[in-house]
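One structure is given below, encoded as structure tokens.
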Amino acid sequence: QVQLVESGGGLVQAGGSLSLSCAASGLSFRNYAMGWFRQAPGKEREFVATISWSGVNRNYSDSAKGRFTISRDNAKNTVYLQMNSLQPEDTAVYYCAAEEWGLGSSLDQQYDYWGQGTQVTVSS
């Protein structure tokens, strides 16, 4: 059974930082590109960042560029999202997702597995 479990969310003041983790189990982690998406209340889920299986290719949304960093540790079956300079508009539930044999897509329909999400709240 494939499981993706996010952690690290919480409440932070504007300008602060959070580090999210997503631990994967039940799959061959190296075969998967990994992505982070988010969904704010009343809005559609949106792409945040993605990383290829090797970690070489990384892509970010315009809002994440320069502030967020995605990384992975294939030995630990874990993908991370370091978020700096957080703003209230970053408030959302953050989800990690796994794309088999992918290079990392910004399209959520390309992903095969999803985590349950972790809440990030940024206060002004």
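Side chains included, hydrogens not; waters and symmetry mates left out as well; all remaining heavy atoms used. In what follows, residues are counted from 1 in the order of the sequence shown.
- D108 and Q110 are not linked by any side-chain donor-acceptor pair at a separation below 3.5 angstrom, with hydrogens and angles left out of the test.
- Nearest heavy-atom pair, S105 versus E99, reported as atom, atom and distance to 0.1 Å: N-OE1, 3.1 Å.
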Worked verdict on Q119 versus T121 for side chain to side chain contact (heavy atoms under 4.5 Å, CB included): CA-CA 6 Å; Q119 177 70 48; T121 303; 3.3 Å; yes
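- Note on W53 and Y111: separate hydrophobic clusters, where clusters join Ile, Leu, Val, Met, Phe, Trp and Tyr whose side-chain heavy atoms are under 4.5 Å apart, directly or indirectly.
- Side-chain atoms of S106 and Y60 form no donor-acceptor pair, as typed in the model, at a separation below 3.5 Å.
- Annotation: cation-pi pair R38/F47 absent, no NZ/CZ under 6.0 Å from the ring centroid and within 45° of its normal.
- Between V120 and L20 there is a side-chain heavy-atom pair separated by less than 4.5 Å.
- The two atoms that bring S19 and Q82 nearest to each other are CB-OE1, 3.3 Å, heavy atoms only.
- Taking the six-membered ring wherever Trp is involved, the centroid distance between the rings of W114 and F37 falls below 6.0 Å.
- Residues N59 and T50 bring no donor and acceptor atom of their side chains to less than 3.5 Å of each other.
- Neither M83 nor V93 shares a network with the other; the hydrophobic side chains, linked directly or stepwise wherever heavy atoms of I, L, V, M, F, W or Y lie under 4.5 Å apart, form separate groups for each.
- In the hydrophobic clustering of ILVMFWY residues, with side-chain heavy atoms under 4.5 Å counting as a link, V2 and V79 come out together.
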